[in-house]
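Just so we're on the same page: letters track the sequence lines, and every chain starts at 1. Note that the structure is a prediction, hence the values are computed from the model and not measured.
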Amino acid sequence: MARPEAAAAPAPALPAEFYARPVLEVARELVGCVVRHDGCAGAIVETEAYHEAEPACHAHVGLTARTHILFGPPARAYVYRSYGIHALLNAVCEPEGVGAAVLIRALEPLEGLERMRRRRGLERPEDFCSGPGKLTQALGIELELNGSDLVGGPIAIEPPPLGRPAPALIAGPRIGITKAAELPWRFCAAGSRSVSRPWPRRAA
DNA sequence: CATGGGATTGACT
DNA sequence: GTCAATCCCATGC
């Protein structure tokens, strides 16, 4: 069943079962995976986990118009507006009925660099996707993609490319939150220059 | 229906 | 280091 164009086919997206697991596992394993949208792609170098049981998670307030995506089936995108300006991309995790998601906080640009540069209006690739609001701008991800499928939808997340094994991880507290700020639910690729913020001197 | 608070970024002192 | 921009939506009257 070899398709003639198989050599150029992109890697298959991670299956829904990948996301239907404890959100901390998924947050760790997503580092090194590839996010693809609209001709651009980047390797995830930073994630954060959110779960309804802790107050920093939007789903903590229960089922509302804003959070129903988080409680829905896994492998969907949860995209919301932050500070009235930025769109932030999450992957909904855990079985349907559990409100949890992984925030994609930073990428290392891999493909579509010129398109990213145009959308970001900046020159240096390490500035394209080094933050959760930056990467959605670079990849052209907006609120209309909230609820879209991550398996076969406009946004795809693929396993780490061959020859690019999953990097060593560093864990630390999540960024920019005031509640449950002590939980070490932020995960970064060790040594990456594309993370949103440098690590404090304490290594993990 | 009015209000207040962000899972941020970029510009500025 | 500080701070404003800007809008969705949860909450409370």
Side-chain angles (χ1 to χ4, degrees), chain A residues 19 22-24 26-28 30-31 33 35 42 44-72 74 76-94 98-109 116-148 150 155 157 169-189 192-201:
Chain A
Y19 301 93
V23 68
L24 284 171
V26 180
R28 288 178 156 277
L30 276 178
V31 177
C33 295
V35 179
I44 298 173
V45 296
E46 180 177 353
T47 64
E48 286 178 359
Y50 288 86
H51 190 282
E52 58 171 302
E54 44 89 13
C57 182
H58 292 170
H60 189 65
V61 299
L63 194 56
T64 67
R66 182 192 203 188
T67 65
H68 78 276
I69 295 292
L70 288 168
F71 288 94
R76 304 272 248 271
Y78 170 56
V79 185
Y80 74 97
R81 174 124 8 249
S82 173
Y83 290 93
I85 303 172
H86 309 287
L88 269 55
L89 171 66
N90 298 252
V92 175
C93 295
E94 309 252 355
V98 179
V102 173
L103 170 67
I104 311 299
R105 283 195 58 91
L107 307 176
E108 177 186 322
M116 292 185 188
R117 176 174 287 117
R118 200 158 55 242
R119 286 200 273 237
R120 292 280 293 128
L122 297 169
E123 283 307 312
R124 297 158 53 217
E126 58 266 39
D127 295 327
F128 293 169
C129 303
S130 56
K134 299 177 186 179
L135 70 92
T136 54
Q137 184 186 20
L139 269 62
I141 293 170
E142 251 303 335
L143 295 197
E144 58 185 7
L145 293 172
N146 186 34
S148 66
L150 294 175
I155 307 171
I157 305 184
L169 288 189
I170 301 176
R174 295 173 292 183
I175 302 296
I177 57 172
T178 57
K179 292 171 281 193
E182 75 287 355
L183 296 176
W185 285 9
R186 177 192 182 211
F187 304 100
C188 282
S192 173
R193 293 187 306 274
S194 297
V195 296
S196 64
R197 305 178 65 165
W199 286 93
R201 51 186 170 277

Chemist: Applying side-chain contact (heavy atoms from CB on, under 4.5 Å), name anything that partners C57(A), two or more places apart in sequence or on another chain.
Modeler: Y50(A), E54(A), A59(A)
Chemist: Kindly state which residues belonging to residues 121-132 of chain A come within less than 4.0 angstrom of DNA chain B, counting heavy atoms of the residue only, listed by number.
Modeler: G131(A), P132(A)
Chemist: For the backbone of G147(A) and the side chain of R76(A), can you confirm whether one donor and one acceptor N or O come within less than 3.5 Å of each other?
Modeler: yes
Chemist: Which residues pass the side-chain contact (heavy atoms from CB on, under 4.5 Å) test with P109(A), sequence neighbours left out?
Modeler: L113(A), M116(A), F128(A), C129(A), S194(A)
Chemist: Does the side-chain contact (heavy atoms from CB on, under 4.5 Å) test come out yes or no for N146(A) and I69(A), once each step is laid out?
Modeler: CA-CA 8 Å; N146(A) 186 34; I69(A) 295 292; 3.9 Å; yes
Chemist: Using a heavy-atom cut-off of 4.0 Å to chain A, what are the terminal contacting nucleotides of DNA chain B, in 5' to 3' order?
Modeler: dG6(B) to dG10(B)
Chemist: What residues form a side-chain contact (heavy atoms from CB on, under 4.5 Å) with A106(A), not counting sequence neighbours?
Modeler: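 Residues passing side-chain contact (heavy atoms from CB on, under 4.5 Å) with A106(A): V45(A), E46(A).
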Chemist: Can you give the first and last nucleotides of DNA chain C, 5' to 3', that have an atom under 4.0 Å from a heavy atom of chain A?
Modeler: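 Boundary nucleotides touching chain A, in 5' to 3' order, are dA5(C) to dT11(C).
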Chemist: With a 3.5 Å distance limit and no angle check, can you tell me whether T136(A) reaches the backbone of L89(A) through a side-chain donor-acceptor pair?
Modeler: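 Answer holds: no.
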Chemist: Give the minimum heavy-atom separation between V31(A) and C188(A), together with the two atoms involved.
Modeler: CG1-C, 4.4 Å
Chemist: Once you round to the nearest 0.5 Å, how far does CD of E94(A) lie from CD of E52(A)?
Modeler: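 That separation rounds to 8.0 Å.
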Chemist: Can you measure from NZ (K134(A)) to OG (S196(A)) and round to the nearest 0.5 angstrom?
Modeler: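 Going from the NZ atom of K134(A) to the OG atom of S196(A) covers 8.0 Å.
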Chemist: Any chance you could lay out the side-chain contact (heavy atoms from CB on, under 4.5 Å) test for L107(A) and L139(A), step after step, and finish with the verdict?
Modeler: CA-CA 10 Å; L107(A) 307 176; L139(A) 269 62; 4.0 Å; yes
Chemist: Could you list by number each residue of residues 55-70 of chain A showing a heavy-atom separation from DNA chain B of less than 4.0 Å, or answer none if no residue does?
Modeler: A56(A), H58(A)
Chemist: Represent DNA chain C in dot-bracket notation, 5' to 3'. Only Watson-Crick or G-U wobble pairs with both distances under 3.5 Å count; pseudoknot-style crossings use [ ] and interstrand partners use |.
Modeler: |||||.||||||.
Chemist: Run the numbers on R174(A) and L183(A) for side-chain contact (heavy atoms from CB on, under 4.5 Å), then give the verdict.
Modeler: CA-CA 7 Å; R174(A) 295 173 292 183; L183(A) 296 176; 3.7 Å; yes
Chemist: Among residues at least two apart in sequence or on other chains, which ones pass ring pair (Phe, Tyr, Trp, His ring centres under 6.0 Å) with Y80(A)?
Modeler: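 Ring pair (Phe, Tyr, Trp, His ring centres under 6.0 Å) list for Y80(A), sorted by chain: H58(A), Y78(A).
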Chemist: Restricting to salt bridge (Lys or Arg N to Asp or Glu O under 4.0 Å), what partner residues turn up for R117(A), sequence neighbours left out?
Modeler: E114(A), E123(A)
Chemist: Quick one: pull up CG in L30(A) and CG in L103(A) and give me the separation to the nearest 0.5 Å.
Modeler: 11.0 Å
Chemist: Taking E48(A) for its side chain and I175(A) for its backbone only, find out whether a donor-acceptor pair lies under 3.5 Å.
Modeler: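 Yes; judged by distance alone, with no hydrogens or angles, the pair exists.
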Chemist: Of the residues in residues 98-105 of chain A, which ones touch DNA chain B at a heavy-atom distance under 4.0 Å?
Modeler: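 The stretch gives L103(A), R105(A) as the residues lying under 4.0 Å from the strand, ordered by number.
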Chemist: Just to verify, what does L63(A) make a side-chain contact (heavy atoms from CB on, under 4.5 Å) with, not counting sequence neighbours?
Modeler: H68(A), F71(A)
Chemist: Is there a donor-acceptor pair under 3.5 Å between the side chain of T64(A) and the backbone N or O of T67(A)?
Modeler: yes
